[in-house]
S.K.: 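Handing you this structure, nothing more for now.
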Amino acid sequence: MSIEVYIDGDFYPKEEAKISVFDHGLLYGDGVFEGTRAYNGRIFEFDAHIDRLYDSAKVLALTISLNKEEMKEAHLQTLRRNELHDAYIRTVVTRGAGDLGLDPKKCPQSSVIIIADRIILYPPEFYEKGLRLVTVPTRRNLAEAVNPMIKSLNYLNNVLAKMEANLAGVPEAIMLNQEGYVAECTGDNIFIVKGDNLITPATAYGALRGITRNVTMELAAELGLTVREALLTRYDLYVADECFLTGTAAEIIPVVEIDGRKIASGTPGVYTHRLEKRFRQKAQEEGAPIYGD
Ligand code: PMP
C-alpha cells in the first residue's frame with residue numbers, strides 16, 4: 001500500500017503529493033520541520049515536538065494556518081489513515097508559494113505537509129559495536145546568522161558536514177562551533193560520561209534543543225548521574241569514559257572512536273547501555289495514543 005501524505009488538509013498518494021515550484025521552502029529553504037516518532041500506537045513526546053515546531057516558526061515569523069490542537073489532530077489523522085503504529089513522522093511547514101524574489105511578504109499562505117512512514121532503523125551493529133566518528137572542518141552555523149536552535153528547512157550546514165563524514169567513511173560528523181567548542185552532530189546531539197557526570201554542550205554553543213536530549217538528561221538523573229551542560233573541547237571527548245549520540249531517529253547510540261582515538265576501552269559504555277534500555281522502555285510505554293487507549 002502506498003502511503004498517503006497530508007498537504008493542507010487533504011491526503012494524496014505519495015506519488016501525487018506535490019507542492020508548487022514557487023514555494024519558498026524549495027526556492028530558499030524558507031520553512032521549518034519536525035521529526036517525530038510513534039511507538040506501539042503512541043506518539044512519543046508529541047507536545048514537545050509540536051511546541052518546538054511552533055517555536056521554530058515563530059523565530060522565522062512564519063504563520064502556521066493551524067493552531068496546535070488542529071496540528072496534533074492532523075498528525076493523528078495521518079497516522080490513522082496510513083494504519084501506522086510504529087512510524088517516523090516528518091512535519092514540514094513551508095513559507096508557501098511566492099514570486100522568484102526571496103521576500104517572504106510575497107508568500108500569502110504557508111503550507112503544512114505531514115508524511116508518516118515506516119521507520120528505517122540504523123543497522124543493529126551500530127548499537128552493538130558503537131560508532132566511529134570524526135570532527136569535520138565545516139563549523140556549525142553562527143547563532144547570530146542562522147541559529148541552530150531553529151529546525152529550519154535550510155540544512156546545508158549539516159549536509160556539508162555529512163559529506164565530510166562520508167569522505168572519512170564514518171556515519172556521523174562532530175561539528176564544532178565558531179569558537180572551536182563541540183556543538184553537535186549533523187542530526188544528533190552529543191553526550192559524554194566522565195566519572196558520574198553526564199555532560200553535553202549547552203544549546204547556546206550551537207546545538208538544537210533535542211527532544212531525545214531532554215529525555216536522556218531526565219533518565220540520567222534518575223540513574224544517579226550528575227547532569228551538566230558545559231563547554232566541551234575535542235580533548236574532553238577523547239578522554240571521556242563514554243560517549244553517545246541522541247536523536248529521534250537514532251534514539252541513544254554509543255560512540256566508541258573519535259578522530260582515531262578510542263573512547264575508554266573502545267566498546268560501548270555501561271551507562272550508555274543502561275540509558276538505551278531505559279529510553280526504549282519509556283518510548284514503548286509513554287506517548288499520546290493514536291487509536292484511543
Ligand atoms: N541536532 C540536529 C541538527 C538535528 O537535526 C536533530 C534531529 N534529528 C537533533 C540534534 C536531535 O534532536 P531530537 O532528539 O529532537 O530528534
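Each ligand, and each atom within it, is numbered from 1 in the order the structure gives.
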S.K.: Considering distance alone, does some N or O of R52 sit under 3.5 Å from an N or O of ligand 1?
M.R.: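 Yes, since at least one N or O of R52 sits under 3.5 Å from an N or O of ligand 1.
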S.K.: Taking all atoms of both residues into account, what is the closest heavy-atom pair of R139 and E179, and its distance?
M.R.: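 For R139 versus E179, the nearest heavy atoms are NH1-C, 4.1 Å.
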S.K.: Taking all non-hydrogen atoms of both residues, which atom of G101 and which atom of H24 are closest, and how far apart?
M.R.: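 Closest approach of G101 to H24, heavy atoms only: O-CE1, 2.9 Å.
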S.K.: For atom 1 (N) of ligand 1, what is the closest protein heavy atom, and at what distance to 0.1 Å?
M.R.: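 Here the closest protein heavy atom is E184 OE1, 2.6 Å.
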S.K.: Should you measure from each heavy atom of G247, which atoms of ligand 1 turn up under 4.0 Å away?
M.R.: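 The atoms of ligand 1 under 4.0 Å from a heavy atom of G247 are 11 (C), 14 (O), 16 (O).
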S.K.: As an exercise, identify every atom of ligand 1 less than 4.0 angstrom from a heavy atom of T248.
M.R.: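 Counting atoms of ligand 1 from 1, those under 4.0 Å from T248 are 13 (P), 14 (O), 15 (O), 16 (O).
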S.K.: Parallel, tilted or perpendicular: which one describes the rings of Y122 and F126, with boundaries at 30° and 60°?
M.R.: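 Ring orientation of Y122 relative to F126: parallel.
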S.K.: With a heavy-atom distance limit of 4.0 Å, tell me whether T186 approaches ligand 1 through its side chain, its backbone, both, or neither.
M.R.: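 For T186, the contact with ligand 1 is made by the backbone alone.
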S.K.: Without hydrogens or angle criteria, can the side chains of T226 and D196 be said to hold a donor-acceptor pair below 3.5 Å?
M.R.: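 There is no such pair (donor and acceptor under 3.5 Å, judged by atom type) between the side chains of T226 and D196.
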S.K.: Number the atoms of ligand 1 from 1 as they appear, then name those within less than 4.0 Å of a heavy atom of N158, with their elements.
M.R.: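 The atoms of ligand 1 under 4.0 Å from a heavy atom of N158 are 3 (C).
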S.K.: Within 45° of the six-membered ring axis of F46 and under 6.0 Å from that ring's centre, is NZ or CZ of K72 located there?
M.R.: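 Relative to the ring axis of F46, which defines the angle, K72 lies inside both limits.
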S.K.: Tell me whether ligand 1 is touched by V215 - counting only heavy atoms on the residue side and a distance under 4.0 Å.
M.R.: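 Outside the 4.0 Å threshold, so no.
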S.K.: Of all the heavy atoms in K151, does at least one lie under 4.0 Å from an atom in ligand 1?
M.R.: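 Right, K151 reaches ligand 1.
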S.K.: Specify the protein heavy atom at minimum distance from atom 14 (O) of ligand 1: its residue, its atom name, and the distance to 0.1 Å.
M.R.: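 Looking only at protein heavy atoms, the one closest to atom 14 (O) of ligand 1 is T212 OG1, 2.6 Å.
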S.K.: For ligand 1, is any non-hydrogen atom under 4.0 Å from L208's backbone (N, CA, C, O), its side chain (CB onward), both, or neither?
M.R.: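 Side chain only.
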S.K.: For ligand 1, which atoms, with element, lie under 4.0 Å from some heavy atom of G210?
M.R.: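 Those of ligand 1 that fall under 4.0 Å from G210 are 12 (O), 13 (P), 14 (O), 15 (O).
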S.K.: Name the orientation class of the two ring planes belonging to F33 and Y155 (parallel below 30°, tilted from 30 to 60°, perpendicular beyond 60°).
M.R.: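 Plane angle over 60°, so perpendicular.
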S.K.: Looking at atom 4 (C) of ligand 1, what's its closest protein heavy atom, distance included?
M.R.: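 Nearest neighbour among protein heavy atoms for atom 4 (C) of ligand 1, to 0.1 Å: Y155 OH, 3.4 Å.
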S.K.: Would one find an N or O of T246, backbone or side chain, under 3.5 Å from an N or O of ligand 1?
M.R.: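 In fact, backbone or side chain, T246 has no N or O that close.
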S.K.: Within 45 degrees of the ring normal and closer than 6.0 Å to the centroid, is that where the cationic atom of R261 sits relative to Y238?
M.R.: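 Relative to the ring axis of Y238, which defines the angle, R261 lies inside both limits.
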S.K.: Can you confirm, on distance only, whether ligand 1 has an N/O atom lying under 3.5 Å from any N/O atom belonging to R213?
M.R.: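 Among all N and O atoms of R213, none is under 3.5 Å from an N or O of ligand 1.
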S.K.: Of all the non-hydrogen atoms in the protein, which one sits nearest to atom 8 (N) of ligand 1, and at what distance?
M.R.: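 For atom 8 (N) of ligand 1, the nearest protein heavy atom comes out as G187 O, 3.0 Å.
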S.K.: Can any side-chain N or O of S56 pair as donor or acceptor with the backbone N or O of S152 at less than 3.5 Å?
M.R.: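 Absent.
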